[in-house]
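Here the structure comes first, spelled out in structure tokens, and everything after it is commentary.
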Amino acid sequence: MSGIETEIKFAVRKGMGTPWREDADSHSEIRQGYIPAEGCTVRVRQRDDKAYLTIKEHKGAGALSRYEFEKEITPDEAHHLFTLCKGFVEKTRYLVTYAGRVFEIDEFHGENEGLVVAELELESEDEKFDTPQYLGPRVSHIPYYYNSYITKHPYPTWRENVPEEYR
């Protein structure tokens, strides 16, 4: 797949338990690494038994739309590309359908244990949608919430900057 991707990120409320797990249609285990590059983000992802190479353009914090190139690769190719990566993220992704939309809710593990972020892909930046009650404010404009950021700055190093109900 390649083209313009438009997505929005949300903080997830913690005081409500983990309702996204119960609401999930499915979930998968993800390990992804980042290959150093200037002007773009290069990601290698292993998602269950499939693997992908993704390149996303940099647009700056808060940009909802950016060019993305993604290609499925073999797990063996991903294994070799992981040796080039300088940072890794491990997470469980829950797919939650709400009001006809699929929200991707990522619960991070390892160095980023405790961080939970939701994403929604949109057709356009001005598209209207409803959100489940456990989703909080939009955080697309905050670099902390980007996977490539947390490989260098794990969640515990900035957790205190997050409002209590989202920790």
Side-chain angles (χ1 to χ4, degrees), residues 1-12 20 25-48 50-74 77-78 81-82 84-112 115-132 134-155 157-158 161-162 166:
M1 174 200 94
S2 64
I4 301 298
E5 175 192 60
T6 302
E7 72 179 11
I8 190 163
K9 293 180 179 287
F10 302 89
V12 177
W20 65 89
D25 301 313
S26 65
H27 71 280
S28 56
E29 300 305 316
I30 296 175
R31 179 175 191 247
Q32 57 194 42
Y34 293 85
I35 298 173
E38 290 196 33
C40 65
T41 300
V42 180
R43 178 184 72 205
V44 180
R45 173 182 281 171
Q46 180 82 41
R47 183 174 184 168
D48 294 330
K50 295 192 174 211
Y52 304 89
L53 175 64
T54 305
I55 302 169
K56 293 184 178 189
E57 83 175 311
H58 284 189
K59 283 274 214 140
L64 299 181
S65 298
R66 59 188 174 159
Y67 179 78
E68 176 185 83
F69 169 85
E70 185 171 78
K71 180 165 179 46
E72 187 170 347
I73 58 177
T74 68
E77 289 170 324
L81 288 172
F82 278 143
L84 302 175
C85 295
K86 298 298 182 202
F88 292 89
V89 169
E90 295 176 356
K91 59 189 177 180
T92 302
R93 172 164 289 169
Y94 298 88
L95 300 181
V96 175
T97 302
Y98 181 83
R101 305 303 210 118
V102 178
F103 291 82
E104 298 175 338
I105 301 179
D106 291 341
E107 182 177 26
F108 290 84
H109 307 296
E111 288 186 310
N112 293 294
L115 178 61
V116 182
V117 177
E119 294 180 353
L120 175 64
E121 287 199 23
L122 303 171
E123 295 294 320
S124 67
E125 291 189 19
D126 58 354
E127 195 171 334
K128 305 290 182 223
F129 54 88
D130 292 321
T131 61
Y134 44 81
L135 293 193
R138 297 177 181 190
V139 294
S140 302
H141 62 288
I142 304 172
Y144 294 156
Y145 291 94
Y146 284 85
N147 287 245
S148 57
Y149 181 89
I150 64 174
T151 63
K152 298 176 188 127
H153 310 280
Y155 181 54
T157 66
W158 53 271
N161 296 335
V162 176
Y166 302 101

Using the ring-ring contact (aromatic ring centres under 6.0 Å, His included) criterion, which residues pair with Tyr52? Sequence neighbours excluded. none
First locate atom NZ of Lys71, then atom CG of Leu53, and finally report the distance between them rounded to the nearest 0.5 Å. 9.5 Å
Listed partners of Tyr155 passing ring-ring contact (aromatic ring centres under 6.0 Å, His included), at least two apart: Trp158
Sub-4.5 Å side-chain heavy-atom contact between Val102 and Asp25: no
Quick one, Tyr34 and Lys152 - any side-chain contact, counting heavy atoms below 4.5 Å? no
Arg45 side chain reached by Thr54 side chain, heavy atoms, under 4.5 Å: no
Got a sec, which pairs hit salt bridge (Lys or Arg N to Asp or Glu O under 4.0 Å) with one end in residues 93-103, sequence neighbours left out? Arg93-Glu104, Arg93-Asp106, Arg101-Glu127
In short, Tyr145 meets Ala11 closest at the heavy-atom pair OH-CB, 4.5 Å
Rounded distance (nearest 0.5 Å) linking atom CG of Leu84 with atom CZ of Phe82: 11.0 Å
Any side-chain heavy-atom pair from Val12 and Phe103 closer than 4.5 angstrom? no
Which atom of Glu111 lies closest to which atom of Pro154, heavy atoms considered: O-CB, 3.8 Å
Could you tell me the separation between the CD atom of Glu70 and the CD1 atom of Ile55, rounded to the nearest 0.5 Å? 10.5 Å
Any chance you could lay out the side chain to side chain contact (heavy atoms under 4.5 Å, CB included) test for Val116 and Tyr94, step after step, and finish with the verdict? CA-CA 11 Å; Val116 182; Tyr94 298 88; over 6 Å; no
Does some side-chain heavy atom of Tyr144 sit less than 4.5 Å from a side-chain heavy atom of His153? no
Picking from Lys56, His58, Glu68, what satisfies side chain to side chain donor-acceptor pair (under 3.5 Å) with Thr41? His58
Nearest 0.5 Å please: distance from the CZ atom of Arg31 over to the NE2 atom of His109. 13.5 Å
Whether over 12 other heavy atoms sit under 6.0 Å from Glu119 CD: yes
Can you check whether Ile105 reaches Phe10 side chain to side chain, under 4.5 Å on heavy atoms? no
Flag side-chain contact, heavy atom, 4.5 Å: Leu135 against Tyr98: no
Looking only at non-hydrogen atoms, find the nearest pair between Cys85 and Gly33 and report the distance. SG-C, 3.5 Å
The criterion is side chain to side chain contact (heavy atoms under 4.5 Å, CB included); which residues satisfy it with Glu125, sequence neighbours excluded? Thr6, Leu64, Ser65
Non-neighbouring partners of Tyr67 that pass side chain to side chain contact (heavy atoms under 4.5 Å, CB included), sequence neighbours left out: Ser2, Ile4, Glu57, Phe69
Supply the atom-to-atom distance Ile73 CD1 to Leu81 CG, rounded to the nearest 0.5 angstrom. 5.0 Å
ring-ring contact (aromatic ring centres under 6.0 Å, His included) filter on Tyr166, not counting sequence neighbours, yields none
Lys91 vs Gln32 side-chain heavy atoms within contact, under 4.5 Å: yes
From His141 atom NE2 to Ile8 atom CD1, the distance as rounded to the nearest 0.5 Å: 10.0 Å
Is it the case that the side chain of Asp48 and the backbone of Glu29 share a donor-acceptor pair, with hydrogens and angles ignored and the cut-off at 3.5 Å? yes
